[in-house]
Protein chains: 2
Amino acid sequence: MRPVTVYDIAREANVSVATVSRVLNNTAPVKKETRDRIVALMNKHQFQPNALARSLTRKETGMIGFILPDITNPFFPEVLSGFDSEARRLGYTYFLCDTISTNEENQRLYDRQYERESQYLGLLMEKQVDGIVMIGGRVDLAKPDPELAREVEELAKRVPIVLLNGSLPKTKLNRVSADQKLGAQLAVQHLIGLGHRDIALIGGYAKMSNTQQRLSGFRSAMKDAGLAVRREWTLTEGFSVEKGQEFAARLLNMKRRPTAMFCLNDLLAIGALKAAHRAGIAVPEELSIVGYDDIPQATYSIPELTTVSLKSQEIGRQAAKTLDKMIAGKKVPALQSIVPELIVRETTAPPPDVPGA
Amino acid sequence: MRPVTVYDIAREANVSVATVSRVLNNTAPVKKETRDRIVALMNKHQFQPNALARSLTRKETGMIGFILPDITNPFFPEVLSGFDSEARRLGYTYFLCDTISTNEENQRLYDRQYERESQYLGLLMEKQVDGIVMIGGRVDLAKPDPELAREVEELAKRVPIVLLNGSLPKTKLNRVSADQKLGAQLAVQHLIGLGHRDIALIGGYAKMSNTQQRLSGFRSAMKDAGLAVRREWTLTEGFSVEKGQEFAARLLNMKRRPTAMFCLNDLLAIGALKAAHRAGIAVPEELSIVGYDDIPQATYSIPELTTVSLKSQEIGRQAAKTLDKMIAGKKVPALQSIVPELIVRETTAPPPDVPGA
DNA sequence: AGCCAGAATGAAACCTGTTTCATGAAAACA
DNA sequence: TGTTTTCATGAAACAGGTTTCATTCTGGCT
C-alpha cells in the first residue's frame with residue numbers, strides 16, 4: 001500500500017496541502033476546527049511526513065555524519081556515546097562511518113582507511129548532512145596530509161565540520177580536543193611524585209599528533225623534574241594490547257630496567273600488565289604502570305589501571321553541541337579544550353627502593 | 001554559493017536535464033560527444049547529485065537504521081563492525097540508533113530504553129530507510145512485549161526488518177541468531193569433560209531470551225551428564241563486571257563451593273576473575289571460569305578467558321546480506337542460525353581433586 | 001455604514017532529481 | 001527509394017513536502 005501523503009490528507013479534509021503543512025509545522029494560524037479535523041485524519045492514517053521531501057525544500061536534514069577509524073577500539077564507543085545522547089537531544093540522527101573495515105575472515109583492513117575518509121566525505125555531502133564530525137585517521141596525523149587538509153577545508157565552507165582530538169595543522173577548522181599534553185604531564189608527575197626516576201614510555205605512532213602531544217607532555221614533565229629521558233626506554237609504534245605486552249617484555253629484559261611505565265593508551269597498559277605477570281613482576285609493588293584514555297576496561301584488569309581520563313564522553317557531547325551551534329549559524333570558539341583528569345587506581349605505587357610515601 | 005544542480009549543468013551544456021540524468025545514471029545511450037561535454041562540466045563544477053532528490057523519486061535511499069541498546073557494551077561494536085563492512089560493500093549507509101543514552105553526568109539511563117526503540121522506529125520510517133536491523137532491548141525479551149511485537153510486525157510490512165539474536169516470539173520476523181543454547185552446551189560440556197561436577201551459573205536476566213536459551217543449554221548439558229543443577233549456585237540478574245564479581249564472591253564464600261563457573265557473558269567472567277583473585281583462589285588451578293560472547297577483552301585478562309564465540313562479526317555481516325536480499329525482493333530463510341564456537345584459553349582446567357586429564 | 005487590520009486559506013512555484021512519452025534524425029532493411 | 005528500427009534528445013510530469021503571494025472572510029473601529 002502506498003504511504004499516505006499530505007495530498008491524501010488534504011483531499012479527505014477538503015483543504016489545500018498548504019493548510020496541512022501548516023498544521024504539521026505550526027507555522028501559521030489554522031482555525032481550530034480545521035486543525036482538529038486534519039490532526040484526526042493524520043492519526044487515523046498514521047501519517048508520517050516524508051523526511052526526504054521535507055529536507056529537500058528546507059535545506060536541512062537533521063542528519064550528521066560521524067567519521068571514525070574503528071568502532072571496535074573501545075575509546076570510540078565512549079566518545080560516540082556522549083555524542084549520541086547530545087545529538088539526539090538536539091534532534092539529530094547520524095550516519096556512522098567506520099573507515100576501517102573487516103574482510104570476510106574478520107581481519108581488520110587498515111590499508112584503505114585514508115581513501116575511505118575521502119569517500120565518506122563525498123557520500124555525506126551527497127546525503128546532504130547538516131554537519132560532519134571527524135575523529136582519528138588522517139585528522140590525527142601530526143604532519144597534515146595536505147590533500148585531506150585541502151579537501152576538508154574546502155568542504156568546511158559548505159558544511160560545518162568539527163574535528164575531535166586532532167588538528168589538521170595549518171587549517172582553521174573548528175575542533176574540540178582533550179589537552180593531551182597536560183594529560184601526559186599529570187600522569188608523569190604522579191609517577192615522579194611517588195618517587196620514580198626511571199620512567200619508560202611505550203606505544204603510540206610517531207606520525208600521530210596525539211602521540212606527539214603526549215610525548216611532549218612526558219618530556220616536559222621529566223625535564224621539569226630534572227630527569228633524563230632515556231632513548232632506549234622509549235618504545236613506539238603501536239597502540240594494541242599485543243604491542244604493549246611486547247614492549248613491556250622487552251623493557252623488563254633489559255639489564256637496567258625502569259621502575260615505571262607510562263603507556264600511551266590503556267590497551268598498551270593492559271599488555272604491559274600481562275608482560276609483568278608473565279615475568280613474575282608484581283604490579284604495583286615492583287613496577288608501576290599508568291595508562292591513558294580511561295576506557296571502561298581499565299577497571300576490568302587486576303590490578304585496576306591508573307590512567308588519565310580524556311573525558312571521552314564529554315568530548316563527544318561537546319562535539320554535538322558545537323556542531324549544533326555552527327549549524328544554527330552561531331559563532332563557536334575555534335578550539336574547545338577539554339581538561340583531562342588523572343584517575344589513580346591500583347597500578348601505581350612508590351618504586352621498590354624508596355621508602356613508602 | 002549555491003550547490004550546482006543538474007539544471008546548471010544542462011544549461012551550460014545546452015542539453016535538457018533528462019540528458020544529464022542519463023549520463024549520470026547510464027540509463028540510456030547518449031552520444032559520445034554530448035556525454036563527454038557533460039562529464040567535463042560535472043568535473044569542472046564538482047557536481048554531486050543531491051541524494052535527497054534522487055531518493056525521493058527512486059523510492060530507495062540506500063540508508064539503513066541500526067537499533068542497538070548500548071554501543072559501549074563491547075559486544076555490539078563487534079557486531080556492528082561486521083555489519084559495517086558488509087553494508088558498505090553493498091552500498092548502504094546507516095544510522096546508528098543507541099537506545100540507552102547518558103545524562104550530563106555520563107550515567108547511563110536505562111529507564112527510557114523501550115520508549116526510544118519506538119521513537120527510533122518512527123524516525124527511521126520518516127527518513128525513508130530501506131531497511132532496519134534491531135538487536136537487544138525488547139527484541140531480546142523472552143516473553144514478547146506485545147506492543148512492540150505488533151508495532152514491528154506492522155512495520156515489517158512496509159520495510160524489511162531483521163532481528164539479531166532475538167526473536168520477538170509469536171511473530172514471523174526474519175532473524176539471524178547465534179544458537180545460544182548450543183553455545184552454552186559447548187561451554188558446559190567442556191567443563192564436564194575436564195572432570196567438573198560442581199558447576200555454578202552466574203548472570204543473565206531471567207526475562208531475556210538470550211538468558212533463557214543459555215540457561216536451557218546449561219541445564220540440558222548438565223542433565224545429559226547426570227549432574228544436578230543446584231539452585232543456590234544459580235545467581236542471575238546482571239551482565240556487568242561488578243555483578244560478576246559480586247556473584248562469584250558470594251559463591252566462593254559458601255561452605256560448599258563450585259569448582260567451575262559458567263558466566264553468561266565475558267564481563268561477568270572478568271568480574272568472577274577479580275573475585276577469585278581477591279579471595280586468593282587460583283584460576284584455573286582451583287577454579288575454572290568460562291565466559292560467553294568472546295569480546296576482544298576476553299584476551300586482555302590474566303589468565304585469558306575461555307569463552308564461547310558467538311561470531312559476532314559474522315552475525316552483523318549476515319544481517320547486512322540478509323537485509324540487502326530482502327530489499328531486492330529476494331526470499332530469505334526466516335531464521336539464519338550462526339553456530340557458535342568454544343574458544344579454549346586459560347581459565348579452564350580439571351578440578352583440583354581430580355587427576356589431570 | 002465604511003474601512004482596515006488581521007486571520008484563514010488556496011493556487012502555484014519551488015526544491016532537485018528521475019522517468020515517461022513524444023519527436024526528429026540516422027541507420028537498417030526491403 | 002520508401003519504410004521500419006534504432007538512436008539521441010527534449011518537454012513535461014512526478015516524487016512529497018514547504019513557502020510565497022494573493023484572496024476571501026472576519027471583527028473592530030470610526
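Throughout, protein chains are lettered first and strands after them, A, B, ... in sequence-line order, and every chain is numbered starting at 1. Computed over heavy atoms, backbone and side chain alike; hydrogens, waters and symmetry mates excluded.
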- Task: Check each residue of residues 24-43 of chain B for a non-hydrogen atom within less than 4.0 Å of any atom in DNA chain D, then write out the ones that pass by number, or none.
- Result: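 Correct list: B:P29, B:V30, B:K31, B:T34.
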- Any Lys/Arg nitrogen of B:E126 or A:R54 sitting under 4.0 Å from an Asp/Glu carboxylate oxygen of the other?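 A salt bridge is absent here (no side-chain N lies under 4.0 Å from a carboxylate O).
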- Task: Would you mind checking if A:E86 and A:R89 are paired as a salt bridge, meaning a charged N to carboxylate O distance below 4.0 Å?
- Result: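 A salt bridge links A:R89 with A:E86.
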- Item | Estimated bend of the helix from C:dA1-D:dT30 to C:dA30-D:dT1 (axis per five terminal pairs, rounded to 10 degrees) |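 It works out to 50° between the end axes.
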Contact list (N/O, under 3.5 angstrom) for nucleotides 21-23 of chain D vs protein:
none

- Query: Earliest and latest nucleotide of DNA chain C, 5' to 3', sitting under 4.0 Å from a non-hydrogen atom of chain A?
  - Reply: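 Span of nucleotides near chain A: C:dA8 to C:dT16.
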- Return the set of residues passing salt bridge (Lys or Arg N to Asp or Glu O under 4.0 Å) with B:E115 (not counting sequence neighbours), or none when no residue passes.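 Result, salt bridge (Lys or Arg N to Asp or Glu O under 4.0 Å) vs B:E115: B:R112.
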With a non-hydrogen cut-off below 4.0 angstrom, is [X] in contact with a base, only sugar-phosphate, or nothing?
X: A:V20; value: nothing
X: B:D8; value: nothing
X: B:T5; value: sugar-phosphate

- Task: Establish, yes or no, whether a centroid distance under 6.0 Å links the rings of B:F95 and A:F95.
- Result: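 Ring centroids of B:F95 and A:F95 are less than 6.0 Å from each other.
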Short heteroatom pairs, N/O only, protein and nucleotides 24-27 of chain D, under 3.5 Å:
none

